[in-house]
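First the structure, in the form of structure tokens, and then the observations on it.
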Amino acid sequence: MAKPAQGTKYRGSICDFPDFDPSQDAETLYNAMKGFGSDKEAILELITSRSNRQRQEICQNYKSLYGKDLIADLKYELTGKFERLIVGLMRPPAYGDAKEIKDAISGIGTDEKCLIEILASRTNEQIHQLVAAYKDAYERDLEADIIGDTSGHFRKMLVVLLQGTREEDDVVSEDLVQQDVQDLYEAGELKWGTDEAQFIYILGNRSKQHLRLVFDEYLKTTGKPIEASIRGELSGDFEKLMLAVVKCIRSTAEYFAERLFKAMKGLGTRDNTLIRIMVSRSELDMLDIREIFRTKYEKSLYSMIKNDTSGEYKKALLKLCGGDDDAAGQFFPEAAQVAYQMWELSAVARVELKGTVHPAGDFNPDADAKALRKAMKGLGTDEDTIIDIIAHRSNAQRQQIRQTFKSHFGRDLMADLKSELSGDLARLILGLMMPPAHYDAKQLKKAMEGAGTDEKALIEILATRTNAEIQAINEAYKEDYHKSLEDALSSDTSGHFKRILISLATGNREEGGEDRERAREDAQVAAEILEIADTSSGDKSSLETRFMMILCTRSYPHLRRVFQEFVKMTNYDVEHTIKKEMSGDVRDVFVAIVQSVKNKPLFFADKLYKSMKGAGTDEKTLTRIMVSRSEIDLLNIRREFIEKYDKSLHQATEGDTSGHFLKALLAICGGED
């Protein structure tokens, strides 16, 4: 078992078994595999209750007593995922890593994710042991094999990591921190092209302590986290490797919590990843991983494994997990620090918003109008031409095409498109043709007409638009429907939810910076209304009004400070608390405001993911977001999507839609990440 450093607590979930008797254990395993069939329960119970050091002693005793290889017998008796897990536990850690890497580079294709995970996360000592184990097990040189199986900057960084020479000195030079920040900035953001060698040298060799300070200083200097620069400047497997290195520098346990979550979410389980992490971290930092997992995903690692696996395989994984951290509605104290840092990052980061649809160069409205007329004339419709033109022009250019079309042909382009197209494609193309404010006004009208109200659409639009956008929507609504938006909302909603929506629909959010003193007062109001303050300073209804006013009218920078003060004051995150203490539409609209303040592109990435996950697709939400964000921040949304869900928006759209609707969506999406 790995011994914790002097003065540090052991954070593994598997410990040395007391009263250990390797001969007795060897006999128990032999009997469990003797005769017809095998006693899998006895095997998993014993092996998951012993440390790796103890398992090696059992292997030696088994050979001495029976003249047989224990791992070979286990392979013969067990099958599938359960066999892979048990056999993985029987190997010494370095040999386990060596086997994973050998499998990753053998045969056709390479499992780059496995290479990245192992080489980005291991310490110098673990890397040296891995290289030696690989040589011993396969009589081959690991560096030579990796060079033969990878290429480019990805290969160079893997080779640097394979040296196991990261500095380990905790004494940090402030001058060198500043120099590294400048070198990284000049190598990426300030350079035409990217100097990858600087990224490789600094991220591959500097100590963890040093790099954490570099990352902090980089954010202060450039206004963006180092991860954003890496995503903007690097690409492919090299980008993924560098992001993994950064994550492991920040927190190895958080990196593995995220890997485990992604291995189990959605349809199907990535069992190889799940097994590799559960085995390799069980005697290192599984308790830290569990803690972060519970904080980050609001569910325990134990419960997710339990719901996602079955049989002896599940039982063995749960034994390695070592316990269930779920307590309904509980917010772990450690989460307060995570939440505070998250708000700090949100407050400091200066994110440059970028759309995916831009004005076409050499724009010729005359030629476009003629091409569209030709595409709709006669029998049949040329959807490809319609998509190619409309999805690759800015909204302002589309309005020019509409005018030119009317001047040339005396026809209404919108009416022609409506009669020629149908279904999801028609909704998407007609949405793109409308000026943004009129499009949003129409979406709000549709959300309120007929039986029932689409509260999610109302919330999504009103909680995320700027003052200028809200004012334009009000004007468009009045012009198109001869009724004020406020009157429409009053007729169709009720209670607190109505008051919140009407407040948002006035577009009166302050636009200045933060006021620290007022932020503390606002945080106190939030704590009182959410019933986690020590004292109360007013009656409930006046507090509710103040809380609504704070969320609906304070500026985004000010609200970020309010939410930070809230964490300091209560040890809770405001979003988590709203979800726990409130319910229904009021909860949903407040959560949407908080998420929008925190990270608006991530808010939309979540909405897009939910519109496509599971059985069936929510085409209305998918279309609404793709149309309305295409010229604002869809590129940022794409980056948040791949970061959170480990698949690109392009891939998700491709897997969930089809035909000309798919083609048009991909054109708006603007590329594969």
Side-chain angles (χ1 to χ4, degrees), residues 80-81 83-123 126-135 137-138 140-164 203-204 234 236-249 252-266 268-282 284-286 289 309 313 317 320 642-643 645-647:
K81 297 174 283 196
E83 178 233 315
R84 188 178 174 90
L85 175 60
I86 294 297
V87 169
L89 286 167
M90 295 307 301
R91 293 191 182 99
Y95 284 81
D97 281 350
K99 173 75 166 66
E100 290 291 329
I101 285 188
K102 186 77 171 70
D103 289 348
I105 56 179
S106 293
I108 298 166
T110 305
D111 181 354
E112 290 86 2
K113 286 182 179 174
C114 172
L115 293 182
I116 289 169
E117 180 196 297
I118 291 173
L119 296 180
S121 65
R122 302 311 192 244
T123 63
Q126 288 167 338
I127 291 283
H128 298 151
Q129 289 168 352
L130 160 61
V131 170
Y134 192 91
K135 186 87 172 168
Y138 306 111
R140 296 178 66 87
D141 181 66
L142 178 52
E143 185 178 320
D145 280 359
I146 281 182
I147 287 172
D149 211 65
T150 57
S151 61
H153 298 298
F154 178 57
R155 174 170 66 194
K156 286 177 194 165
M157 185 62 178
L158 289 175
V159 169
V160 167
L161 294 172
L162 264 179
Q163 307 315 302
L203 294 181
L234 313 179
D237 292 324
F238 180 46
E239 176 197 344
K240 289 177 188 142
L241 174 58
M242 296 308 251
L243 286 172
V245 168
V246 169
K247 282 176 184 169
C248 289
I249 297 295
T252 307
E254 186 169 355
Y255 170 71
F256 282 115
E258 192 177 299
R259 293 276 297 153
L260 285 167
F261 180 73
K262 287 177 177 176
M264 290 183 281
K265 73 174 177 61
T269 304
R270 296 172 194 176
D271 293 292
N272 287 356
T273 302
L274 180 56
I275 291 167
R276 183 171 60 243
I277 297 172
M278 295 303 289
V279 168
S280 66
R281 310 315 291 187
S282 60
L284 295 174
D285 52 5
M286 185 58 71
I289 292 169
T309 57
Y313 175 54
L317 286 170
L320 294 181
I642 196 168
E643 170 66 17
Y645 297 109
D646 213 25
K647 69 157 81 168

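Nothing here was measured: the structure is a model prediction, and the numbers come from that model.
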If you round to the nearest 0.5 Å, how far is [atom2] of [Y] from [atom1] of [X]?
X      : Y      : atom1 : atom2 : value
Thr252 : Arg281 : OG1   : CZ    : 6.5 Å
Asp97  : Gln126 : CG    : CD    : 7.5 Å
Leu115 : Asp237 : CG    : CG    : 9.0 Å
Asp271 : Lys81  : CG    : NZ    : 4.5 Å
Leu243 : Ile642 : CG    : CD1   : 10.0 Å
Tyr134 : Lys102 : OH    : NZ    : 5.0 Å

Heavy-atom check, side chain of [X] versus side chain of [Y], under 4.5 Å:
X      : Y      : answer
Leu234 : Leu241 : no
Asn272 : Asp111 : no
Leu320 : Leu89  : yes
Ile101 : Asp145 : no
Ser280 : Met286 : no
Thr273 : Arg259 : yes
Arg270 : Leu274 : no
Thr309 : Met264 : no

State, to 0.1 Å, how close [X] and [Y] come at their nearest heavy-atom pair, and which atoms those are.
X      : Y      : value
Ala98  : Tyr138 : O-CE1, 3.9 Å
Leu203 : Val245 : O-CG1, 3.7 Å
Ile289 : Ala253 : CG1-O, 3.7 Å
Ala244 : Ile116 : CB-CG2, 3.4 Å
Leu161 : Leu119 : CD1-O, 3.7 Å

Is it true that [X] and [Y] make a salt bridge, defined as a side-chain N closer than 4.0 Å to a carboxylate O?
X      : Y      : answer
Glu254 : Lys247 : no
Glu143 : Lys135 : no
Lys240 : Glu112 : no

Strictly distance-based, threshold 3.5 Å: is any side-chain N or O of [X] a donor or acceptor partner for the main-chain N or O of [Y]?
X      : Y      : result
Arg155 : Ile147 : yes
Lys265 : Tyr645 : yes
Glu100 : Gly96  : no
Glu258 : Tyr255 : no
His153 : Glu239 : no

*Would the number of heavy atoms belonging to other residues, nucleotides or ligands and lying under 6.0 Å from NZ of Lys262 be above 12?*
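Count over threshold, so yes.
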Verdict with supporting geometry, Gln129 and Tyr95, side-chain contact (heavy atoms from CB on, under 4.5 Å): CA-CA 8 Å; Gln129 289 168 352; Tyr95 284 81; over 6 Å; no
request  = Can you spot which of Arg84, Arg91, Met90 makes a side-chain contact (heavy atoms from CB on, under 4.5 Å) with Val87?
outcome  =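 Looking at Arg84, Arg91, Met90, the match for Val87 under the side-chain contact (heavy atoms from CB on, under 4.5 Å) is Arg91.
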